Amino acid sequence: MGSSGFSWKLADHPKLPKGKTVAMVVLDGWGEANPNEYNCIATAETPCMDSLKKGAPEKWRLVRAHGTAVGLPTEDDMGNSEVGHNALGAGRIFAQGAKLVDLALASGKIFEGEGFNYIKESFANGTLHLIGLLSDGGVHSRLDQLQLLLKGVGERGVKRVRVHILTDGRDVLDGSSVGFVETLENDLAKLREKGIDAKIASGGGRMNVTMDRYENDWNVVKRGWDAQVLGEAPHKFTNALEAVKTLRAEPKANDQYLPPFVIVDENGKPVGPIVDGDAVVTFNFRADRMVMIAKSLEYENFDKFDRVRVPKIRYAGMLEYDGELKLPNHYLVSPPEIDRTSGEYLVKNGVRTFACSETVKFGHVTFFWNGNRSGYFNADLEEYVEIPSDSGITFNEQPKMKALQIAEKARDAILSRKFDQVRVNLPNGDMVGHTGDIEATVVACKAADEAVKIILDAIEQVGGIYVVTADHGNAEDMVKRDKSGKPLLSKDGKIQILTSHTLEPVPIAIGGPGLIPGVRFRNDVPSGGLANVAATVINLHGFEAPSDYEPTLIEVADN
Ligand SMILES: O=C(O)[C@H](O)COP(=O)(O)O
Ligand SMILES: [Mn+2]
Ligand SMILES: [Mn+2]
């Protein structure tokens, strides 16, 4: 124990034994909603998850996974993987990036910090480039924050601004990109009225350009580099609105996957390549899909693709995206300090941990789980296994994804008895849900359910315990609804497919032969959320949770 009285040592739980293998299963994008034709989870055959639900209320319940329960600004904010896994792993609710940026913009502190002062030095002789996701989704970025940033730099001496847009259609409705570009163009026109040379310089769909994650496909980042830095892309337009409208008119085009484009002047010259002396800000607050571009902009030694020309720039992230890598070096807003996560506590108390997912969600059960920290706490006690995801496809083409392989790895880890906690993320409901393909999402949910069954069977064999939950909703509702809950129709009478997450609560189930008699969900934490899960899991490993953690969801009744 240090002089402050702090200790990593967890007290023994008075009733719950140690040494049981605990499987911690996170179904990504798996919320609870009434059955109907747009609820892919209800439509799919999910016998395993259905049987868990029969354990309600003692072994199955719902927890909150959106809004303030996960540190987001308002109850209208849907949950997402970052805040969901942060809460699951850290056991406390931290004000998250979205909120911290809001506060920094409202107080003006964002314009006084080290990061802003650093990029400001380029304002006199260079261009300020803003790169990020253009939508009001609030998952990775928010349009109103970009607007305030533009206004703020305009008031602080910027002479030339170029915005490199990434269209969304994943956290917001497909087709909404057009309206967001119009709004941004209005704002840029206002800056021009003030004598600032402000334009959109390039663009592309977020899943095709720049916003890859966990190094699944560096080509995505390269396409962005080519357009943003080199000013090269297969499509050239003189105006961004025309670009987005034209590219969207192609068969099967959608906002998420628009090809890269650059904006050129009347002579065909790109209006905003990034050159020596410029400043760059990536304005997304969320980390996972900014780490790769941050590396490409910041690292001197970089071999993931040929950058061709590496401009000498001042670069800042909206936030620091990786606390362990200190990436990037400069940022406008400090990230939440997510410390003392359950992963770190458990490892420091000797709990041997195995974590696994496929690439697209691998960082969720490692990096996000551990408070946006990469790497192991103790490589002797931990093993993190990444199964390579398919790349270059949309996941409705392969809706089963790697669920089976993840489950088999988890099963083997459980049966090996080398680990006390085996933690996985099953991506299907979420990744296929984001494609908006209802049929494929039903297949995806079935595959996830089969994977859960494999893991629970292994837990049965070793006398262990399982915790099955989810990080936020997605596949349980695939249609945009009006306030009364009725599906919204577009002008041509078609339903509007919801590709995004939802505001729904998620299930949590506990069980397995290792659960001692009397363990059940308490009924005095009705508003429990994802942050209550960490204390629950710590208890199931036989320890008391740290006193400042959100309360456990379980109790041991005297039988
Ligand atoms: O990044 C994404 O894929 C979406 O914006 C959010 O999905 P996730 O929070 O489940 O990763
Ligand atoms: Mn998720
Ligand atoms: Mn998602």
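Residue numbers count from 1 along this sequence. Remember, predicted model here, so these are calculated numbers, not experimental data. What you see below is based on every heavy atom in this structure, not just the backbone, and it leaves out hydrogens, waters and symmetry mates. Atoms within each ligand, like the ligands themselves, are counted from 1 in listed order.
- In this structure, atom 6 (C) of ligand 1 lies nearest to the protein heavy atom His501 CE1, 3.4 Å.
- The OD1 atom of Asp28 and the OG atom of Ser81 subtend an angle of 130° at the Mn ion (ligand 2), given to the nearest 10 degrees.
- Residue Asp471 approaches the Mn ion (ligand 2) most closely through its N/O/S atom OD2.
- Across the listed options Ser81, Gly138, Gly29, Ser81 owns the non-hydrogen atom lying nearest to atom 8 (P) of ligand 1.
- Look at His472 and the Mn ion (ligand 3): no N/O/S atom of the residue is under 2.8 Å from the metal.
- Applying the 4.0 Å criterion to heavy atoms of His140 picks out, from ligand 1, the atoms 1 (O), 2 (C), 4 (C), 5 (O).
- The distance from the Mn ion (ligand 2) to the nearest N/O/S atom of His364 is not under 2.8 Å.
- Summary: NE2 is the N/O/S atom of His434 found nearest to the Mn ion (ligand 3).
- Between Met211 and the options Asn284, Asp288, Val220, Ile293, a side-chain contact (heavy atoms from CB on, under 4.5 Å) holds for only Asn284.
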Practice item. Let me see the working for His85 and Phe367 under ring pair (Phe, Tyr, Trp, His ring centres under 6.0 Å), right down to the final yes or no. Key: CA-CA 9 Å; His85 287 78; Phe367 175 79; over 10 Å; no
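- Atoms of ligand 1 found under 4.0 Å from any heavy atom of Asn80, numbered from 1 in the order shown, are 9 (O).
- Those atoms of ligand 1 with a heavy atom of Asp28 less than 4.0 angstrom away are 10 (O).
- For ligand 1, the polar-atom distance check finds no N/O of Glu82 at less than 3.5 Å from any of the ligand's N/O atoms.
- Compare Met431, Lys361, Arg206, His364 by their heavy atoms: the one nearest to atom 2 (C) of ligand 1 is in Arg206.
- Checking Thr68 against Glu75 by side-chain atom types alone, a donor-acceptor pair falls below 3.5 Å.
- At a heavy-atom cutoff of 4.0 Å, ligand 1 is contacted by no atom of Asn474, backbone or side chain.
- Near Arg170, the atoms of ligand 1 lying under 4.0 angstrom from a non-hydrogen atom of the residue are 2 (C), 3 (O), 4 (C).
- Taking only nitrogen or oxygen atoms, main chain and side chain alike, His472 reaches within less than 3.5 Å of ligand 1.
- The Arg289 neighbourhood of ligand 1 comprises atoms 1 (O), 2 (C), 3 (O), with distances under 4.0 Å to a heavy atom of that residue.
- When atom types are taken as modelled, the side chain of Ser357 and the backbone of Gly363 share no donor-acceptor pair closer than 3.5 angstrom.
- His364 and Phe368 have tilted rings, their planes meeting at an angle from 30° to 60° on a 0 to 90° scale.
- Below 30°, between 30° and 60°, or above 60°: for Trp218 and Phe302 the angle between ring planes is above 60°, a perpendicular geometry.
- Note: His472 and His501 have parallel aromatic rings, judged against thresholds of 30 and 60 degrees for the angle between ring planes.
- Residues Arg423 and Val25 have side chains not in contact (no heavy-atom distance under 4.5 Å, counting atoms from C-beta outward).
- Checked by distance only, ligand 1 and Asp288 stay at 3.5 Å or farther apart across all their nitrogen or oxygen atoms.
- Vertex the Mn ion (ligand 3), arms ending at OD2 of Asp430 and NE2 of His501: the angle is 140° after rounding to 10 degrees.
- Heavy-atom contacts of Asp171 reach the following atoms of ligand 1: 4 (C), 5 (O), 6 (C) (cutoff under 4.0 Å).
- Panel note: side chain Arg92, backbone Arg340; a donor-acceptor pair is recorded below 3.5 Å.
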Exercise for review: Could you go through the side chain to side chain donor-acceptor pair (under 3.5 Å) check for Asn86 and Asn372 one step at a time?
Suggested key: CA-CA 8 Å; Asn86 282 170; Asn372 294 0; 3.1 Å; yes
Exercise for review: Start with the C-alpha gap between Asp449 and Lys453, add the side-chain angles, then the distance that decides, and say whether side chain to side chain contact (heavy atoms under 4.5 Å, CB included) holds.
Suggested key: CA-CA 6 Å; Asp449 186 76; Lys453 171 87 169 81; 5.5 Å; no
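- Using a cut-off of 4.0 Å between Lys/Arg side-chain N and Asp/Glu carboxylate O, Glu386 and Lys409 are scored as not salt-bridged.
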